[in-house]
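Keep in mind it's a predicted model, so treat the numbers as computed, not measured. Every heavy atom of this structure was used, including side-chain atoms; hydrogens, water molecules and symmetry mates were not.
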Amino acid sequence: MFKIATWNVNSLKVRLPHLIDWVNENNPDVFALQETKTQDENFPLEAIEALGYNVVFTGQKTFNGVAVLSRHALKDPIMALPDFDDPQKRLLAVTVGDVRVIDVYIPNGSEVGSDKYEYKLKWLASLHAFVKQQLTEYERVVILGDYNIAPEDIDVHDPKAWEGSVLVSAPERKAFDDLLDLGFHDAFRAFTEEQVFSWWDYRQGGFARNKGLRIDHILFSKAMTEDFQACYVDDAPRKLERPSDHTPVVAEFDINIDR
DNA sequence: ATGGTAGGTTTCCTA
């Protein structure tokens with residue numbers, strides 16, 4: 001079994017105790033993190049290695065930052081989109097066994113029509129080109145992380161209130177669909193038609209009222225279709241004291257990684 | 001109804 005998970009931790013420093021507990025309980029083969037908000041020199045390398053994981057990371061001060069933990073060897077890391085000059089640390093691609101893992105922290109976009117929204121759409125276009133290129137080198141590809149896109153209305157607690165706004169707007173959803181059209185499945189939707197969220201606003205009791213969105217996703221390439229077993233959201237970490245606003249999403253595959 | 005909460009190192013910015 002090959003278990004791969006993603007979690008926007010919203011500060012690795014603050015969430016490290018939750019992360020350690022979750023890893024010990026769930027034992028993922030690969031764990032992709034976003035919003036580490038940690039400069040590389042401050043990365044808690046010893047704590048992660050003590051859990052029995054290899055890790056690659058690319059971070060910056062205050063914002064963004066991604067990391068991939070793996071029980072297996074990590075090969076051929078790429079720390080940024082190759083054709084997009086971006087000071088923001090939002091992408092990490094690495095190979096585990098014969099699976100190419102692409103950890104993404106897709107820009108939030110702030111507000112439809114804003115500069116940040118334009119940046120988000122350009123970033124997504126660059127991601128599309130990168131993934132297309134990676135598919136020429138790797139058959140098994142997983143793209144996982146915080147997409148900041150709710151793909152369909154079922155992924156939104158109140159679609160009418162959210163209609164047209166950032167995270168659900170048509171251009172963002174088209175960019176998501178364009179990724180699928182390269183030959184990917186949305187693991188959660190391949191597994192269930194349930195309405196389940198992966199993020200709840202800290203404000204106004206978003207989690208308690210289940211006013212959330214499904215914006216954290218695991219996409220797998222068609223070459224992995226026969227291997228796919230399950231996908232689920234684990235909301236247990238969202239119930240803890242001082243939680244991240246996101247909670248882990250997990251996918252399981254019938255794949256053996258040699259080392 | 002443009003609020004609210006959280007994290008960073010800030011006196012606001014981002015989400």
Partner set under ring pair (Phe, Tyr, Trp, His ring centres under 6.0 Å) for A:Phe31, not counting sequence neighbours = A:Trp22

With B for base contact, S for sugar-phosphate-only contact and - for none (protein heavy atoms under 4.0 Å), nucleotides 4-14 of chain B reads BBSSSS----S

Using atom CD of A:Gln34 as one end and atom P of B:dA15 as the other, report the distance to the nearest whole Å.
-> 14 Å

Any pair counted as salt bridge (Lys or Arg N to Asp or Glu O under 4.0 Å), so long as it reaches residues 116-143 of chain A, sequence neighbours left out | A:Asp98-A:Arg140, A:Lys120-A:Glu172, A:Arg140-A:Asp227

Considering the options A:Leu182, A:Ile143, A:Ile102, which one meets the side chain to side chain contact (heavy atoms under 4.5 Å, CB included) requirement together with A:Gln134?
-> A:Ile102

Residues sharing A:Phe207's hydrophobic cluster, by side-chain heavy-atom contacts under 4.5 Å among ILVMFWY, directly or via others?
-> A:Phe197, A:Trp200

Whole-Å distance between B:dG3 P and A:Glu111 CD?
-> 12 Å

B:dC12 and B:dG4, which share atom name P, separated by this distance in whole Å = 16 Å

When you compare B:dA15 with B:dT9, how far apart are their P atoms, in angstrom units rounded to a whole number?
-> 15 Å

For B:dC13 and B:dG3, measure between their P atoms and round to the nearest Å.
-> 14 Å

Taking only residues at least two apart or on different chains, which pairs with a member in residues 2-31 of chain A satisfy salt bridge (Lys or Arg N to Asp or Glu O under 4.0 Å)?
-> none

Sequence neighbours excluded, the answer for side-chain hydrogen bond (donor to acceptor under 3.5 Å, both in side chains) partners of A:Tyr232 is A:Glu252

